[in-house]
*Asks:* 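One structure is given below, represented as C-alpha coordinates, and several questions about it will come after.
Values below: every heavy atom of this structure, side chains too, minus hydrogens, waters and symmetry copies.
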Amino acid sequence: KLFVLGTCFEYEQNKGPIYENFKIKPVNNYAKGKNLLRKYIEGLIKKNTILTWARLFYVFGKAQRSKSLIPMLCRSILINGVTPELRSSLDRLDYVSVEDVADVLHLMCECEVPSGVYNVGRGQTILVKDIANFLFSLLEDENACLKITAETNDEKAKVNFCADMEKTLSVLGWQSKSSFSFTVGNH
(Lines give C-alpha, C1' and ligand atoms only; values in the text may rest on other atoms or scores of the structure.)
Protein backbone atom coordinates (compact mmCIF):
# COMPACT_ATOMS: atom_id res chain seq x y z
CA LYS A 1 0.00 0.00 0.00
CA LEU A 2 1.40 3.37 -1.04
CA PHE A 3 -0.14 6.68 -0.03
CA VAL A 4 0.83 10.03 -1.64
CA LEU A 5 -0.49 13.59 -1.41
CA GLY A 6 -1.25 15.46 -4.61
CA THR A 7 -2.69 18.91 -5.25
CA CYS A 8 -5.77 20.38 -6.90
CA PHE A 9 -3.38 22.36 -9.12
CA GLU A 10 -2.82 19.16 -11.10
CA TYR A 11 -6.24 19.64 -12.72
CA GLU A 12 -6.71 21.66 -15.91
CA GLN A 13 -10.19 22.98 -15.12
CA ASN A 14 -10.72 25.88 -12.71
CA LYS A 15 -14.52 26.24 -12.88
CA GLY A 16 -17.22 24.15 -11.19
CA PRO A 17 -16.92 20.84 -9.37
CA ILE A 18 -13.68 18.99 -10.13
CA TYR A 19 -13.93 15.21 -10.52
CA GLU A 20 -11.02 12.82 -10.07
CA ASN A 21 -11.15 11.77 -13.72
CA PHE A 22 -10.79 15.31 -15.10
CA LYS A 23 -7.95 16.15 -17.47
CA ILE A 24 -4.57 16.76 -15.85
CA LYS A 25 -2.69 19.90 -16.89
CA PRO A 26 -0.53 21.17 -14.01
CA VAL A 27 -0.60 24.96 -13.70
CA ASN A 28 2.65 25.50 -11.77
CA ASN A 29 5.97 23.77 -11.01
CA TYR A 30 4.65 22.35 -7.73
CA ALA A 31 1.75 20.65 -9.54
CA LYS A 32 4.05 19.53 -12.37
CA GLY A 33 6.32 17.89 -9.80
CA LYS A 34 3.38 16.12 -8.15
CA ASN A 35 2.09 14.89 -11.49
CA LEU A 36 5.54 13.62 -12.56
CA LEU A 37 5.86 11.83 -9.22
CA ARG A 38 2.47 10.15 -9.70
CA LYS A 39 3.41 8.96 -13.20
CA TYR A 40 6.80 7.73 -11.99
CA ILE A 41 5.28 5.80 -9.08
CA GLU A 42 2.59 4.28 -11.32
CA GLY A 43 5.37 3.01 -13.60
CA LEU A 44 7.25 1.40 -10.70
CA ILE A 45 4.59 -0.23 -8.58
CA LYS A 46 3.52 -3.82 -8.90
CA LYS A 47 0.00 -4.77 -9.90
CA ASN A 48 -0.89 -5.87 -6.37
CA THR A 49 0.24 -2.56 -4.81
CA ILE A 50 -2.50 -0.14 -3.85
CA LEU A 51 -1.66 3.46 -4.76
CA THR A 52 -3.86 6.04 -3.06
CA TRP A 53 -3.35 9.55 -4.47
CA ALA A 54 -5.09 12.17 -2.31
CA ARG A 55 -5.52 15.47 -4.18
CA LEU A 56 -5.70 18.19 -1.56
CA PHE A 57 -7.57 21.41 -2.24
CA TYR A 58 -6.93 24.62 -0.23
CA VAL A 59 -5.81 23.38 3.20
CA PHE A 60 -5.72 25.89 6.05
CA GLY A 61 -5.05 25.73 9.78
CA LYS A 62 -2.31 25.75 12.38
CA ALA A 63 1.26 26.00 11.07
CA GLN A 64 0.02 27.04 7.64
CA ARG A 65 2.59 28.38 5.18
CA SER A 66 3.09 32.08 6.00
CA LYS A 67 2.59 33.23 2.38
CA SER A 68 -0.87 31.64 2.19
CA LEU A 69 -3.94 33.87 2.13
CA ILE A 70 -5.12 33.57 5.73
CA PRO A 71 -1.75 34.09 7.50
CA MET A 72 -0.89 36.89 5.05
CA LEU A 73 -4.13 38.75 5.78
CA CYS A 74 -3.74 38.39 9.56
CA ARG A 75 -0.09 39.45 9.48
CA SER A 76 -0.84 42.43 7.27
CA ILE A 77 -3.40 43.83 9.72
CA LEU A 78 -1.83 42.78 13.03
CA ILE A 79 1.83 43.53 12.31
CA ASN A 80 1.82 46.03 9.47
CA GLY A 81 -1.47 47.76 10.29
CA VAL A 82 -2.49 47.92 6.63
CA THR A 83 -5.22 46.43 4.50
CA PRO A 84 -3.62 44.27 1.78
CA GLU A 85 -4.67 44.50 -1.84
CA LEU A 86 -6.46 41.36 -2.95
CA ARG A 87 -5.93 40.71 -6.66
CA SER A 88 -8.52 37.95 -6.81
CA SER A 89 -11.03 38.74 -4.09
CA LEU A 90 -13.98 37.40 -6.10
CA ASP A 91 -12.39 34.02 -6.71
CA ARG A 92 -14.23 31.13 -5.08
CA LEU A 93 -12.05 28.35 -3.68
CA ASP A 94 -12.53 25.10 -1.76
CA TYR A 95 -10.88 25.64 1.65
CA VAL A 96 -10.65 22.58 3.91
CA SER A 97 -9.30 22.55 7.47
CA VAL A 98 -6.10 20.70 8.30
CA GLU A 99 -8.08 18.80 10.96
CA ASP A 100 -10.50 17.51 8.31
CA VAL A 101 -7.57 16.57 6.07
CA ALA A 102 -5.92 14.65 8.91
CA ASP A 103 -9.20 12.84 9.54
CA VAL A 104 -9.67 11.68 5.94
CA LEU A 105 -5.99 10.80 5.50
CA HIS A 106 -6.18 8.63 8.61
CA LEU A 107 -9.20 6.84 7.14
CA MET A 108 -7.39 6.32 3.83
CA CYS A 109 -4.41 4.76 5.61
CA GLU A 110 -6.46 2.53 7.90
CA CYS A 111 -9.21 1.36 5.53
CA GLU A 112 -9.09 -0.89 2.50
CA VAL A 113 -9.24 1.77 -0.20
CA PRO A 114 -9.10 0.84 -3.89
CA SER A 115 -6.19 2.30 -5.87
CA GLY A 116 -6.89 5.65 -7.42
CA VAL A 117 -7.15 9.39 -7.03
CA TYR A 118 -9.33 10.84 -4.27
CA ASN A 119 -10.24 14.51 -3.91
CA VAL A 120 -9.85 16.01 -0.43
CA GLY A 121 -11.81 19.22 0.06
CA ARG A 122 -15.09 20.47 1.50
CA GLY A 123 -16.90 20.18 -1.81
CA GLN A 124 -18.03 23.80 -1.68
CA THR A 125 -16.44 27.15 -2.39
CA ILE A 126 -15.99 30.27 -0.34
CA LEU A 127 -15.42 33.75 -1.73
CA VAL A 128 -11.89 35.06 -1.04
CA LYS A 129 -13.44 38.45 -0.18
CA ASP A 130 -15.64 36.74 2.45
CA ILE A 131 -12.57 35.12 4.01
CA ALA A 132 -10.90 38.55 4.23
CA ASN A 133 -14.00 40.18 5.70
CA PHE A 134 -14.43 37.37 8.21
CA LEU A 135 -10.81 37.67 9.35
CA PHE A 136 -11.07 41.45 9.58
CA SER A 137 -14.20 41.09 11.72
CA LEU A 138 -12.31 38.70 14.03
CA LEU A 139 -9.52 41.26 14.22
CA GLU A 140 -12.13 44.00 14.79
CA ASP A 141 -10.94 46.11 11.89
CA GLU A 142 -14.15 47.41 10.27
CA ASN A 143 -12.25 49.86 8.04
CA ALA A 144 -10.40 46.97 6.41
CA CYS A 145 -13.70 45.18 5.78
CA LEU A 146 -15.20 48.22 4.08
CA LYS A 147 -12.09 48.91 1.99
CA ILE A 148 -11.93 45.37 0.61
CA THR A 149 -15.68 45.36 -0.17
CA ALA A 150 -15.58 48.75 -1.91
CA GLU A 151 -12.49 47.98 -4.00
CA THR A 152 -13.71 44.72 -5.49
CA ASN A 153 -17.20 45.47 -6.79
CA ASP A 154 -16.21 45.47 -10.48
CA GLU A 155 -13.78 42.57 -10.35
CA LYS A 156 -14.54 39.32 -12.15
CA ALA A 157 -13.77 35.92 -10.64
CA LYS A 158 -11.01 34.07 -12.48
CA VAL A 159 -11.27 30.90 -10.43
CA ASN A 160 -14.39 29.20 -9.10
CA PHE A 161 -13.91 25.49 -8.38
CA CYS A 162 -14.33 22.91 -5.67
CA ALA A 163 -13.60 19.25 -5.12
CA ASP A 164 -16.30 16.84 -6.15
CA MET A 165 -16.43 14.68 -3.03
CA GLU A 166 -18.76 11.93 -4.30
CA LYS A 167 -16.01 9.29 -4.69
CA THR A 168 -14.39 10.04 -1.31
CA LEU A 169 -17.81 9.99 0.37
CA SER A 170 -18.93 6.75 -1.29
CA VAL A 171 -15.66 4.85 -0.68
CA LEU A 172 -14.80 6.18 2.80
CA GLY A 173 -18.07 7.62 4.06
CA TRP A 174 -16.16 10.84 4.78
CA GLN A 175 -17.14 14.47 4.40
CA SER A 176 -15.83 17.67 5.96
CA LYS A 177 -17.12 18.17 9.49
CA SER A 178 -16.27 21.80 10.14
CA SER A 179 -17.45 25.05 8.66
CA PHE A 180 -14.91 27.59 7.49
CA SER A 181 -15.82 30.20 10.12
CA PHE A 182 -15.82 27.72 13.00
CA THR A 183 -12.39 26.37 12.07
CA VAL A 184 -10.71 29.71 11.33
CA GLY A 185 -12.16 31.17 14.52
CA ASN A 186 -10.34 28.52 16.54
CA HIS A 187 -6.88 29.37 15.15
Side-chain angles (χ1 to χ4, degrees), residues 1-11 14 16-20 22 28 30-31 33-34 37-38 50-79 84 86 88-89 91-141 145 159-187:
K1 187 175 190 177
L2 184 58
F3 184 78
V4 186
L5 300 179
T7 174
C8 63
F9 293 113
E10 293 174 70
Y11 292 116
N14 65 2
I18 306 294
Y19 296 86
E20 289 87 348
F22 274 15
N28 57 34
Y30 177 70
K34 290 284 189 176
L37 176 64
R38 181 184 51 80
I50 295 172
L51 172 61
T52 305
W53 191 266
R55 284 213 176 103
L56 305 180
F57 279 65
Y58 288 81
V59 181
F60 70 94
K62 289 182 182 179
Q64 186 174 358
R65 189 173 61 91
S66 65
K67 292 184 180 182
S68 296
L69 177 69
I70 296 168
M72 183 270 305
L73 289 171
C74 292
R75 187 177 54 257
S76 181
I77 293 296
L78 292 173
I79 296 172
L86 295 179
S88 54
S89 64
D91 285 354
R92 300 187 68 87
L93 305 170
D94 188 341
Y95 277 84
V96 60
S97 75
V98 69
E99 291 87 355
D100 277 345
V101 172
D103 184 41
V104 72
L105 297 182
H106 179 260
L107 275 173
M108 287 178 170
C109 289
E110 296 295 319
C111 298
E112 290 298 320
V113 178
S115 283
V117 174
Y118 294 85
N119 285 335
V120 178
R122 289 184 62 234
Q124 54 190 264
T125 62
I126 184 167
L127 197 61
V128 169
K129 180 174 74 172
D130 289 345
I131 294 170
N133 285 332
F134 176 75
L135 292 172
F136 294 143
S137 72
L138 285 179
L139 300 171
E140 299 179 355
D141 190 332
C145 260
V159 179
N160 181 0
F161 70 93
C162 64
D164 177 85
M165 296 303 297
E166 184 178 328
K167 181 179 178 183
T168 305
L169 177 62
S170 67
V171 172
L172 293 165
W174 181 88
Q175 60 187 13
S176 176
K177 293 179 180 72
S178 59
S179 71
F180 181 82
S181 59
F182 171 78
T183 308
V184 171
N186 286 326
H187 293 291

*Asks:* To the closest 0.5 Å, what do you measure between CD1 (Ile18) and SG (Cys8)?
*Replies:* 8.5 Å
*Asks:* Identify the two heavy atoms, one from Ser68 and one from Pro71, that lie closest to each other, and give their separation to 0.1 Å.
*Replies:* O-CD, 3.3 Å
*Asks:* Counting N and O atoms only, with roles assigned by atom type, does the side chain of Asp100 sit under 3.5 Å from a partner on the main chain of Arg122, one being a donor and the other an acceptor?
*Replies:* no
*Asks:* Could you grab the distance from atom CZ of Phe134 to atom CD1 of Ile70, nearest 0.5 Å is fine?
*Replies:* 9.5 Å
*Asks:* Run the numbers on Leu69 and Tyr95 for side-chain contact (heavy atoms from CB on, under 4.5 Å), then give the verdict.
*Replies:* CA-CA 11 Å; Leu69 177 69; Tyr95 277 84; 3.4 Å; yes
*Asks:* Has the side chain of Thr168 got a donor or acceptor atom that lies under 3.5 Å from a matching backbone atom of Met165?
*Replies:* no
*Asks:* Grab the two heavy atoms, one from Val171 and one from Pro114, that are nearest each other, plus how far apart they are.
*Replies:* CG1-CD, 3.8 Å
*Asks:* Indicate yes or no for a side-chain donor-acceptor contact from Thr52 to the backbone of Phe3 under 3.5 Å, with no hydrogens or angles considered.
*Replies:* no
*Asks:* Establish, for the pair Lys167 and Tyr118, whether the NZ or CZ atom is under 6.0 angstrom from the six-membered ring centre and no further than 45 degrees off its axis.
*Replies:* yes
*Asks:* At their closest point, which heavy atom of Glu20 faces which heavy atom of Asn119, and how far apart are they?
*Replies:* OE2-N, 3.0 Å
*Asks:* Can you measure from CD1 (Ile131) to CG (Leu73) and round to the nearest 0.5 angstrom?
*Replies:* 8.5 Å
*Asks:* Checking Leu56 against Val96 for the side-chain contact (heavy atoms from CB on, under 4.5 Å) test, could you report, in this order, the C-alpha distance in whole Å, the side-chain angles of both residues, the deciding distance, and whether it holds?
*Replies:* CA-CA 9 Å; Leu56 305 180; Val96 60; over 6 Å; no
*Asks:* Between Thr125 (side chain only) and Phe161 (backbone N and O only), is there a donor and an acceptor less than 3.5 Å apart?
*Replies:* no
*Asks:* How far does CE of Met108 sit from NZ of Lys1, to the nearest 0.5 angstrom?
*Replies:* 10.0 Å
*Asks:* Let me confirm one number: the CD-NZ distance from Glu99 to Lys177, rounded to the nearest 0.5 Å.
*Replies:* 12.0 Å
*Asks:* Ignoring hydrogens and geometry, is there a side-chain-to-backbone donor-acceptor pair from Arg38 to Trp53 under 3.5 Å?
*Replies:* no
*Asks:* Is the ring pair Tyr58/Phe9 parallel, tilted or perpendicular, if the boundaries are 30 and 60 degrees?
*Replies:* perpendicular
*Asks:* Quick check: does any side chain N or O of Lys62 sit under 3.5 Å from a backbone N or O of Val98, one acting as donor and the other as acceptor?
*Replies:* no
*Asks:* Looking at Leu135 and Cys74, what are the two nearest heavy atoms and their distance?
*Replies:* CD2-SG, 4.2 Å
*Asks:* Please check if the side chain of Gln124 supplies one atom and the backbone of Cys162 the other of a donor-acceptor pair under 3.5 Å.
*Replies:* no
*Asks:* Could you go through the side-chain contact (heavy atoms from CB on, under 4.5 Å) check for Ile50 and Val113 one step at a time?
*Replies:* CA-CA 8 Å; Ile50 295 172; Val113 178; 5.5 Å; no
*Asks:* To the nearest 0.5 Å, tell me how far Leu105 CG sits from Leu5 CG.
*Replies:* 5.5 Å
*Asks:* For Asp91 and Val128, indicate whether the former's side chain and the latter's backbone hold a donor-acceptor pair under 3.5 Å.
*Replies:* no
